[in-house]
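Read the structure below first, then the notes.
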There are 2 protein chains.
Amino acid sequence: MNVDNAKSQMRKGMLEYCIMLLLSEKAYYTSDIIKRLKEANLLVVEGTLYPLLTRLKNDGLLAYEWQESPQGPPRKYYVLTDKGAEILKQLDAAWGELENTVRQLKNRRLLIEN
Amino acid sequence: MNVDNAKSQMRKGMLEYCIMLLLSEKAYYTSDIIKRLKEANLLVVEGTLYPLLTRLKNDGLLAYEWQESPQGPPRKYYVLTDKGAEILKQLDAAWGELENTVRQLKNRRLLIEN
DNA sequence: AATAGTACTTTGCATTGCAAGGTATATATA
DNA sequence: TATATATACCTTGCAATGCAAAGTACTATT
């Protein structure tokens, strides 16, 4: 096994959640998103992000508006819709459950080891 | 979008980690693993688990030994190998990073909202 | 018009969760 | 012996999705 692959697999599914978290803050366009997630220690690439944003938009969780760029072609700025905010709440809960699951499994291990 | 699907996607990749966490505790066979993970709030089914265990065994992270069952056919009890324990450490770190990422994204949101 | 830079998009592959169905072993019962 | 039931392990096919790589389009500069 490859730990990098395992980490990549862990990111899977997280990504949707993280992007919605980020966009709940304010509107971002793709390059910004990549930069901001990188700062938060999550590496994402274009080939991952564009299809994901399109998917979330098609599901009505995101919307976008075009904005002029100071240099270059216009940008799609994405924001969270009301529906997206609803779903985000549920993902928050789901994430909390996962954290709990790992915590439980870890605690049990510690109980037995010590 | 389907929140259940999103949750399922979140579980992806986590599962490997959780199963290794569980097996770091002691030897389990498949039905036990499903039961224990269910108690930890993580629903897994046979069709997911068997291929995963086989994969981890082929990668040398797990080993198994047959044990008689009080009723029915013998069972494969899986344990973590030394190599598996090494990898588990790395997955622990990876998980910690993901928790941090989400925490950062959440904090920023809170800072802006309030 | 040609080039460079930025931005958005698509294609194809690999991985993996999962439903559904299959095989094998042990025990009980007719 | 045959049949039924319970338990356990395994496989197949599909769908979702991260990602590398290649492609398209718009803008500004030379």
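Just so it is clear: chains get the letters A, B, ... in the order the sequence lines come, proteins before strands, and each one is counted from 1.
Without hydrogens or angle criteria, A:Thr54 side chain to A:Tyr50 main chain gives a donor-acceptor distance under 3.5 Å. Side chain of A:Thr101 to main chain of B:Ala40: a donor-acceptor pair is present (N/O by atom type, distance under 3.5 Å, no hydrogens or angles). Remark: the backbone N or O of A:Asp59 is paired with a side-chain donor or acceptor of A:Lys83 at under 3.5 angstrom.
For the pair B:Lys76 and B:Tyr29, the cation-pi test (distance below 6.0 Å, angle within 45°) is failed.
Distance NZ (B:Lys7) to P (C:dC18): 12 Å, rounded to an integer number of Å. Atom CG of A:Asp59 and atom C1' of D:dA16 are 12 Å apart (whole Å). Straight-line distance from the NZ atom of A:Lys12 to the C1' atom of C:dC18: 14 Å, rounded to whole Å. Spacing between atom CG of B:Leu52 and atom P of D:dC9 amounts to 15 Å, rounded to whole angstrom units. What separates CZ of A:Arg55 from P of D:dC19 is a distance of 12 Å, to the nearest Å. Across the protein-nucleic acid pair, A:Met14 atom CE and D:dC19 atom C1' stand 17 Å apart, rounded to whole Å. Taking atom CD of B:Gln9 as the reference point, atom P of C:dT15 lies 16 Å away to the nearest angstrom. For the pair A:Asn58 CG and D:dA16 C1', the interatomic distance rounds to 15 Å; values are reported in whole Å.
The side chain of A:Arg11 contributes an N or O atom lying less than 4.0 Å from OP1 or OP2 of D:dC19. For C:dT16, the OP1/OP2 oxygens have a side-chain nitrogen or oxygen of A:Asn5 closer than 4.0 Å. At the phosphate of D:dA16, neither OP1 nor OP2 sits under 4.0 Å from any side-chain N or O atom of B:Ser8.
Residues from residues 92-99 of chain B that place a heavy atom under 4.0 Å from any atom of DNA chain D: there are none.
Between A:Thr81 and A:Gly60, the shortest heavy-atom contact is OG1-O, 2.6 Å.
There is a path of hydrophobic side-chain contacts, each under 4.5 Å, that joins B:Leu49 to A:Leu98. Criterion: ILVMFWY side-chain heavy atoms under 4.5 Å apart, direct or through other members. Under it, A:Ile19 and A:Tyr77 are not part of a common hydrophobic cluster.
Residues forming a side chain to side chain donor-acceptor pair (under 3.5 Å) with B:Arg11 (at least two apart in sequence, or on another chain): none.
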- Query: Should A:Asn58 and A:Arg55 be marked as a side chain to side chain donor-acceptor pair (under 3.5 Å) after you check the CA-CA gap, both sets of side-chain angles, and the distance that decides it?
  - Reply: CA-CA 5 Å; A:Asn58 289 339; A:Arg55 205 186 315 138; over 6 Å; no
Protein-nucleic acid N or O pairs under 3.5 Å, nucleotides 5-10 of chain C:
{"from": "C:dA7", "atom 1": "OP1", "to": "A:Tyr29", "atom 2": "OH", "distance (Å)": "2.7"}
{"from": "C:dA7", "atom 1": "OP1", "to": "A:Arg75", "atom 2": "NE", "distance (Å)": "2.7"}
{"from": "C:dA7", "atom 1": "OP1", "to": "A:Arg75", "atom 2": "NH2", "distance (Å)": "2.7"}
{"from": "C:dA7", "atom 1": "OP2", "to": "A:Tyr29", "atom 2": "OH", "distance (Å)": "3.4"}
{"from": "C:dC8", "atom 1": "OP1", "to": "A:Lys76", "atom 2": "N", "distance (Å)": "2.6"}
{"from": "C:dC8", "atom 1": "OP2", "to": "A:Thr30", "atom 2": "OG1", "distance (Å)": "3.1"}
{"from": "C:dC8", "atom 1": "OP2", "to": "A:Tyr50", "atom 2": "OH", "distance (Å)": "2.7"}
{"from": "C:dC8", "atom 1": "O5'", "to": "A:Tyr50", "atom 2": "OH", "distance (Å)": "3.4"}
{"from": "C:dT9", "atom 1": "OP1", "to": "A:Lys76", "atom 2": "NZ", "distance (Å)": "2.5"}
{"from": "C:dT9", "atom 1": "OP2", "to": "A:Lys76", "atom 2": "NZ", "distance (Å)": "3.3"}

